[in-house]
Each structure stands twice: as C-alpha cells, then as structure tokens.
J.: 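Before anything else, here's the structure in question.
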Amino acid sequence: MLTPVENHSVPHSTPRTAAFFDLDKTVIAKSSTLTFSKSFYQGGLINRRAVLRTAYAQFVFLAGGADHDQMERMREYLSSLCRGWDVAQVREIVAETLHDLIDPIIYDEAASLIEEHHAAGRDVVIVSTSGAEVVEPIGELLGADRVVATRMVVGEDGRFTGEVEYYAYGPTKAEAVQELAVSEGYDLDRCYAYSDSATDVPMLAAVGHPFAVNPDRALRREAVARGWPVLSFNRPVPLKQRLPALSMPSRPVLAVMAAAGAAMATATLVWYASRRKTTKPRLLIGRSGRTARNARV
C-alpha cells in the first residue's frame with residue numbers, strides 16, 4: 001500500500017516530522033497521468049481517440065479542477081483504458097520520457113519547499129491519486145523519501161487487469177498519512193501538507209500545518225473558513241536550471257578548487273614556455289563558440 005522511494009531507519013524514541021505533497025497542480029502544473037498520453041500513444045498502448053479524450057480531460061482538470069464525480073469518471077475511464085497494458089512497457093515509456101515531460105512542469109516554488117523541508121530534517125512524501133508506475137519515478141526525480149499512489153492489479157501475465165488494488169484518493173490519503181505516522185514515528189501536529197483539491201481536505205486536516213496550493217473553489221472556501229494559508233504556485237522551472245545553484249560547493253571547497261586551478265595553470269604555462277623553446281611556431285586555425293518562495297518552513 002505504502003511504497004517507499006528510499007528507506008530510512010527510524011528512531012521511534014524521537015518524534016519525526018514530514019511534509020506531505022499532493023502531486024498534480026501542487027508540485028507539477030498538470031495531471032501526471034494524462035501528461036504521458038502522447039507517449040503511450042506512440043508506444044502503441046492507446047489509439048488517437050484516447051489521446052484526444054485524455055487531452056480533453058487534461059483541459060477540464062486544468063481549467064477548474066475536477067470534482068468528486070469527475071474524478072470517479074476519470075478513474076473508471078483510465079482503469080478500463082489500461083486493461084491489458086504490459087506493466088514493464090509502461091514503466092519503460094515513463095522512464096524514457098520522464099525528464100522531457102515532467103521536468104519542465106515542476107513548480108519552482110514547490111521544488112524550493114521540498115528543499116527547505118529536507119534542510120529542516122523532514123521527510124518529503126508524495127501522496128497522489130495517479131498510478132504508482134507514474135508517481136514513483138516522479139518521486140525519485142523530486143528527491144522524495146516516500147510515495148503513496150494508486151495501485152492497479154497486475155495479472156500473472158504482467159499486464160493490468162483493469163481492477164484497482166489501492167485507490168489513493170480522498171479519505172484514503174489521510175489514512176495513508178496516519179499509517180505512515182505510526183510506522184515512521186511522525187508527529188502529525190508538527191507535520192506539513194500541501195494540496196490543490198478539496199478532495200484532500202482530510203489529508204490537510206490530519207497535520208498541524210496544512211496549506212492550500214492553487215486551490216479549487218471548494219478548497220479555497222474551506223481554507224478561508226479554517227484559517228489555512230493559501231499559496232499560489234505559478235513558475236514551472238526545469239530542475240536542470242536549478243541544479244547549478246543546488247550543487248554549488250562550499251567556500252572552503254571553492255578555495256581548494258581555486259588553488260588547484262592556479263597550480264594547474266602555472267604548470268601549463270611552464271610546460272608551454274619550455275615547449276616553445278624546442279618547437280617552431282605554427283599557424284593555428286581554430287573556432288570559438290559562445291556558447292518564491294511563498295511559505296517559510
């Protein structure tokens with residue numbers, strides 16, 4: 001039911017904390033499942049009509065969020081659509097297209113919050129209604145510690161049967177959070193949760209620090225009534241653009257690197273000077289190219 005992206009040893013004597021993130025329209029700007037529809041089509045899993053239908057579903061989802069009835073219809077449609085799909089092929093398609101499709105639509109604000117929670121010593125848990133075959137690789141891309149996602153039944157032939165084994169939706173998400181609190185030793189009163197949908201009110205209410213992110217109208221009303229902070233994420237930035245800042249060495253390391261660079265430059269000059277004494281000048285022809293954080297945690 002609960003699938004760890006990375007396991008940790010848990011000292012239960014000391015209460016731990018976590019930040020729980022819904023995925024679609026909270027961490028990424030679109031529906032994670034529907035985003036792969038074109039890739040599934042190119043892989044021969046769905047036809048053109050299904051691509052158009054999932055594109056329409058994506059539009060409805062982005063335009064105003066999907067209510068409970070729409071989510072149920074979407075679940076039934078996707079369950080029937082993936083019946084007979086080879087699970088290994090699905091995972092392969094997701095792995096091959098993950099960076100191209102998901103990296104550009106990750107909210108910069110969400111990525112910053114994930115970094116801050118990790119820096120504060122909290123686990124980061126992605127809790128999503130989308131299927132595990134999609135959510136788990138995205139969780140790894142984001143550096144999440146654990147993932148809770150919907151699971152489809154897989155037959156002995158390695159294909160989806162079309163039945164749902166575990167549906168991570170609504171109250172089930174809150175139950176998953178509470179189960180993790182018991183198994184991992186989380187103090188929920190000190191934990192954080194983020195979501196865009198009113199269907200996630202039970203999950204938000206389960207922690208001491210809930211946040212409504214890009215909320216639909218129902219969640220916005222609920223957040224105002226309960227006094228929950230409302231955040232607006234609107235800057236999708238590819239993670240690769242954030243990597244230089246994230247991987248910048250410390251000042252002592254930079255000093256060592258600078259000293260090493262200076263020593264290498266000096267050695268190169270000495271070598272070049274000695275080489276010029278023993279070689280005739282040559283004509284060299286070459287080419288040159290030029291190549292909000294909205295909440296404090």
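Being a predicted model, the structure only gives us computed values, none of them experimental.
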J.: With side chain to side chain contact (heavy atoms under 4.5 Å, CB included) as the test, would you mind laying out the steps for Leu113 and Phe211 before giving the verdict?
T.: CA-CA 12 Å; Leu113 278 176; Phe211 290 84; over 6 Å; no
J.: Test of understanding: clusters of I, L, V, M, F, W, Y form through side-chain heavy atoms closer than 4.5 Å, transitively. Do Met203 and Leu219 belong to the same one?
T.: no
J.: Please report the closest heavy-atom contact between Ala168 and Ser128, naming both atoms and the distance.
T.: CB-O, 3.3 Å
J.: With side chains defined as the heavy atoms from C-beta onward, is the minimum distance between Leu98 and Phe36 less than 4.5 Å?
T.: yes
J.: With hydrophobic residues grouped by side-chain heavy-atom distances under 4.5 Å, do Val213 and Ile102 end up in a single group?
T.: yes
J.: First locate atom CG of Asp103, then atom CG of Leu141, and finally report the distance between them rounded to the nearest 0.5 Å.
T.: 6.0 Å
J.: Any donor-acceptor pair under 3.5 Å linking the side-chain atoms of Ser195 with those of Ser197?
T.: no
J.: Of all heavy-atom pairs between Tyr194 and Ala19, which one has the smallest distance, and what is that distance?
T.: CE1-CB, 4.4 Å
J.: Looking only at heavy atoms, which two atoms of Asp22 and Val27 are closest? And how far apart?
T.: O-CG2, 3.3 Å
J.: Decide yes or no on side chain to side chain contact (heavy atoms under 4.5 Å, CB included) for Arg91 and Glu136, but give the supporting numbers first.
T.: CA-CA 10 Å; Arg91 291 186 180 276; Glu136 288 175 2; 3.8 Å; yes
J.: About how many Å separate CE of Met152 and CH2 of Trp85, when rounded to the nearest 0.5 Å?
T.: 9.5 Å
J.: To the nearest 0.5 Å, tell me how far Ile93 CD1 sits from Glu133 CD.
T.: 12.0 Å
J.: Of all the heavy-atom pairs spanning Ala193 and Val207, show the shortest one and how long it is.
T.: CB-CG2, 3.5 Å
J.: Take Lys173 and Val177 through the test side chain to side chain contact (heavy atoms under 4.5 Å, CB included) and record every step on the way to the result.
T.: CA-CA 6 Å; Lys173 283 189 175 183; Val177 167; 5.6 Å; no
J.: Is any side-chain heavy atom of Thr172 closer than 4.5 Å to one of Tyr166?
T.: yes
J.: Given the rule that I, L, V, M, F, W and Y join up when any side-chain heavy atoms are under 4.5 Å apart, are Leu23 and Ile106 in one cluster?
T.: yes
J.: Sub-3.5 Å donor-acceptor pair from the side chain of Thr150 to the main-chain atoms of Thr129, do we have one?
T.: yes
J.: Do Val201 and Val127 sit in one hydrophobic cluster, given that two such residues count as connected whenever their side-chain heavy atoms are within less than 4.5 Å of each other, even indirectly?
T.: no
J.: For the side chain of Gln89 and the backbone of Gly44, is there at least one donor-acceptor N/O pair under 3.5 Å apart?
T.: no
J.: Check whether Asp123 reaches the backbone of Arg146 with its side chain - one donor and one acceptor, N or O, closer than 3.5 Å.
T.: no
J.: Which pair of heavy atoms, one from Tyr186 and one from Cys191, lies closest together, and at what distance?
T.: CB-SG, 4.0 Å
J.: Would you confirm whether Thr161, through its side chain, and Gly155, through its main-chain N or O, come within 3.5 Å as a donor-acceptor pair?
T.: no
J.: Treat each ILVMFWY residue as a node, draw an edge where side-chain heavy atoms are under 4.5 Å apart, and state whether Tyr107 and Leu231 are in one component.
T.: yes
J.: Holding to side-chain contact (heavy atoms from CB on, under 4.5 Å), I want the full list of residues that pass it with Val154, two or more places apart in sequence or in another chain.
T.: Val87, Phe160
J.: Indicate the atoms forming the closest heavy-atom contact of Leu188 with Ala206, along with that distance.
T.: CB-O, 3.5 Å
J.: Examine distances only and state if a side-chain atom of Asp145 and a backbone atom of Val125 form a donor-acceptor pair shorter than 3.5 Å.
T.: no
J.: Can any side-chain N or O of Lys25 pair as donor or acceptor with the backbone N or O of Asn214 at less than 3.5 Å?
T.: no
J.: Just by distance, do the side chain of Asp24 and the backbone of Ser32 share a donor-acceptor pair under 3.5 Å?
T.: yes
J.: Between CD1 of Ile126 and CG of Leu142, what distance do you get to the nearest 0.5 Å?
T.: 5.5 Å
J.: Classify the ring geometry of Tyr192 against His209: parallel below 30°, tilted from 30° to 60°, perpendicular beyond 60°.
T.: parallel
J.: Supply the atom-to-atom distance Glu92 CD to Thr97 OG1, rounded to the nearest 0.5 angstrom.
T.: 10.5 Å
J.: Please report the interatomic distance CZ(Phe21) to CD1(Ile28), rounded to the nearest 0.5 Å.
T.: 13.5 Å
